[in-house]
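The structure displayed is predicted, hence computed values, not measured ones. Every number for a ligand or one of its atoms is a count from 1 in the order of the listing.
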Amino acid sequence: MATDRIVGIDLGTTNSLVAFMQGESPVVIPGEDGSNLVPSVVALDQGGKPIVGNRARNYLIETPERAVYSIKRLMGRGMEDIQEELKFFPFRLADDLEAGEVIRIKLGDKTFTPPEISALILRQLKRNADRFFGEPVTKAVITVPAYFNDAQRQATKDAGRIAGLEVLRLVNEPTAASLAYGLDRKQNGVVAVYDFGGGTFDISILKLHDGIFEVIATNGDTHLGGDDIDNFLITIALDDIRGDLGLDLRRNGEAVQAIRKVVIEAKIALSSQVSVKLDVELPGGERYLREITREQFEQLIQPVIDRTVGPCKQALKDAGLKPEQIDEVVLVGGSTRIPRVRAIVQELFGREPHTEMNPDEVVALGAAIQANILGGGSEATENMLLLDVTPLSLGIEVAGGVTDKIILRNSTVPASATQHYTTQVDGQANVAIHVLQGERELAKDCRSLARFDLKGIPPMAAGMPRIEVKFLIDANGILHVSAREQRSGKETEIQVQPSYGLTDEQVEGMILDSFDNAEEDFRRRQVIEARNEAETILTALDKGKKSPAWGRLTTNEKKQIAKMEKSLIAVKAEDDYRAIRKAIDALNQGSMRLAELMMDSAVSTVLKGKTMEDADVGEGPTAPHPVAKAEFE
Ligand code: ADP
Ligand code: MG
């Protein structure tokens, strides 16, 4: 049974989480550091090993060229789709990208596709779950924004596969959040899900009928979230500092990071406290001190919060609903912890939103519930088939470059539809099927999803063949297209490989299985190397103790060295290479004077006519020893 365990994963723009069903209730699985949230940040250390989460954050500051965040923005997208993102984010693209190729991001001197980077995040979540259960987890449900198109959904599935997870289902985030609140049990009603996260704002209106969710409208702003609040506060602090202290720190990266840290802490504190003191140590020993009340804070950030109002109104309008027709409001995303945000939502929809659960965990918890349903662990399985809708229309290009829609936007998925076509020319043997996504009339204005040919149609007069094109969107929102000439039975079928998608072979090639082993191999090697080095320095120290220089040290110095020697011997027996390196460093530092004295006596020996070789300098503990630093912090 254990191997059939399925986890639920929220693969977020800012934070990612993994959860599972423990008895009757879903729970989040914490990481090694005890934190439920894994920041969606990936970095490559100097040794080329990927680092994920909180530890990768430091790289963002210290070696930004080796780190990447917000990768979700690039999932399943092509060069022309991401021009906007490039204005906002310091994504470093590979230099040799060709048109139509999957985007690759540079980390250090390596490049990765967005699904590979997401796979590293998923890999970390998987690892947390593996450790938690004491055995590997191989199956998952992953959430995606309701507005994700076919290519973005495919890319998410690819990421799962690359990470060694079988993705049983992709679930829309608002649907997962509604599930977490058990709203499906209400059978009927309309739910508004207000999701204000780190970098994005989404509003979704779901209709619940007979326990089935249908996304009837989505809207939002892909560049609006907690980051905007942070940046806003940083700007204010920088202005203050310039005004009060005459310091212009706008270009001082380190100072800006220090301020960022403090304002984020303040922002979070202000969600539960009515005032907080900002205290930032600035370069040159100056200090920026300021008290900020919740009232002031809320006034300051009002413009940011106000930007969520328009999309909400538009979503209601698209759904053809008035605020009073909304039965339930669900809050999702860390930024909805801000009391003012809650107040605005209440005002907008005229009812108190659900806040009983952690807003940054509800999506993962809902995913765990969905996973449990799929795994057959819930009695409600039968009637808990979850449905979503397709956000954009799908169709094909027909003569004259016109779009012919086959499945209309907002259709409930799984969905399928069929249209019939014929040929234009006598004896036409091949028909080109160009699959499109979008609402525009001309094919060139829609997104091209795929092209394929139906070949080998027997010669017939124009207009005679009867070509049936069938579109099927499966439960994951992924499109399958088939074309069949009915008179001859000729048929071609494809699962749409979205433009900018990876081929199966590419995904195969990216499977990160080896990473886990590589990590363990790497760690073992580090331990061995560190032990060898410890051995060397301890031998050298023994030699030093027998040299005349030893006698010239003070009792205290000798005591210090003995202490450090003892602790190095102790950690050498353990498996922690970082601890060994630390102890080596300490002993190297501590025996610096001994080394100097030995060097002195060696030099004076030389002056007395002996050669350096004869002089007993030993191998040290020669300071400063070029210790191979623990590069892999
Ligand atoms: P995403 O869905 O974008 O991955 P989250 O839902 O985890 O992200 O939200 C992250 C954002 O929530 C960050 O900007 C973070 O600073 C903000 N946040 C977290 N806790 C609080 C809090 N108590 N008050 C205000 N903002 C918060
Ligand atoms: Mg989220």
Side-chain angles (χ1 to χ4, degrees), residues 8-19 28 31 35-42 52-54 57 60 69-73 75 88-89 118 121-122 124-125 142-148 156 170-178 180 193-204 218 220-234 259-274 276 292 294 297-298 300-301 304-305 308 330-345 355 357-367:
I9 291 179
D10 171 6
L11 185 58
T13 310
T14 317
N15 293 305
S16 298
L17 305 86
V18 57
V28 177
S35 154
N36 280 357
L37 303 184
V38 173
S40 304
V41 183
V42 173
V52 177
N54 273 315
R57 269 181 164 166
L60 276 181
Y69 64 101
S70 278
I71 194 65
K72 189 170 178 178
R73 298 176 176 281
M75 290 287 276
F88 286 90
F89 292 89
S118 292
I121 299 168
L122 291 174
Q124 181 64 48
L125 297 173
I142 303 180
T143 58
V144 290
Y147 61 78
F148 253 27
T156 306
L170 299 174
V171 182
N172 287 332
E173 290 163 8
T175 305
S178 305
V193 181
Y194 180 103
D195 182 348
F196 200 22
T200 57
F201 168 65
D202 300 317
I203 175 76
S204 316
T218 70
D221 186 332
T222 50
H223 293 105
L224 180 64
D227 296 347
D228 294 279
I229 294 174
D230 305 343
N231 290 335
F232 203 68
L233 296 174
I234 292 167
I259 295 169
R260 180 182 300 276
K261 196 160 167 268
V262 169
V263 300
I264 291 175
E265 280 163 11
K267 170 183 83 169
I268 289 174
L270 282 171
S271 289
S272 52
Q273 282 162 228
V274 291
V276 22
I292 178 161
R294 183 188 287 171
F297 168 73
E298 294 189 335
L300 287 172
I301 64 163
V304 178
I305 304 178
T308 67
V330 170
L331 291 185
V332 178
S335 299
T336 63
R337 283 219 171 86
I338 299 171
R340 183 82 200 123
V341 171
R342 298 188 167 181
I344 293 267
V345 176
T355 55
M357 304 179 91
N358 282 338
D360 34 22
E361 294 181 356
V362 280
V363 169
L365 295 174

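Annotation for ligand 1: atoms under 4.0 Å from non-hydrogen atoms of G12 are 4 (O). Interface atoms of ligand 1 facing T14, defined by a heavy-atom separation under 4.0 Å, are 1 (P), 3 (O), 4 (O), 8 (O). Against a heavy-atom cut-off of under 4.0 Å, G333 is close to the following atoms of ligand 1: 6 (O).
Taking all atoms of both residues into account, the shortest heavy-atom contact from T143 to D10 is OG1-CA, 3.4 Å. Nearest heavy-atom pair, R294 versus L270, reported as atom, atom and distance to 0.1 Å: NE-O, 2.8 Å. Here the closest heavy-atom approach between residue K267 and residue G226 is recorded as NZ-O, 3.6 Å. Across every non-hydrogen atom of D227 and G199, the tightest pair is OD2-CA, 3.9 Å. Nearest heavy-atom pair, S118 versus M75, reported as atom, atom and distance to 0.1 Å: OG-SD, 3.2 Å. The heavy-atom pair separating L300 from F232 by the smallest distance is O-CE2, 2.7 Å.
The shortest N or O to N or O distance between D195 and ligand 1 is not under 3.5 Å. At a 3.5 angstrom cut-off on N or O pairs, D360 does not count as close to ligand 1. Among the atoms of G334, some N or O lies under 3.5 angstrom from an N or O of ligand 1. Polar contact check, G198 against ligand 1: a nitrogen or oxygen pair lies under 3.5 Å apart. For ligand 1, one of its N or O atoms has an N or O atom of S271 under 3.5 Å away. Between D230 and ligand 1, no N or O atom pair is found at a separation short of 3.5 Å.
With values rounded to the nearest 0.5 angstrom, N358 atom CG is found 8.0 Å from N36 atom CG. Going from atom CD1 of I305 over to atom CZ of R340 covers 6.5 Å, rounded to the nearest 0.5 Å. Here OG1 of T200 is found 7.5 Å from CD of E173. Values are rounded to the nearest 0.5 Å.
The shortest contact between atom 2 (O) of ligand 1 and any protein heavy atom is with G197 CA, 4.2 Å. At the top of the distance list for atom 16 (O) of ligand 1, counting protein heavy atoms only, stands K267 NZ, 2.7 Å. Counting protein heavy atoms only, atom 20 (N) of ligand 1 is closest to R337 NH1, 3.6 Å. Counting protein heavy atoms only, atom 7 (O) of ligand 1 is closest to N15 ND2, 2.7 Å. Counting only heavy atoms of the protein, atom 25 (C) of ligand 1 lies nearest to I338 CG1, 3.4 Å.
The closest approach between any non-hydrogen atom of I268 and ligand 1 is below 4.0 Å.
The aromatic rings of F196 and F201 stand perpendicular to each other, their planes meeting at an angle above 60°, with 30° marking the opposite boundary.
Across S40, G225, G226, heavy-atom proximity to atom 14 (O) of ligand 1 is greatest for G226.
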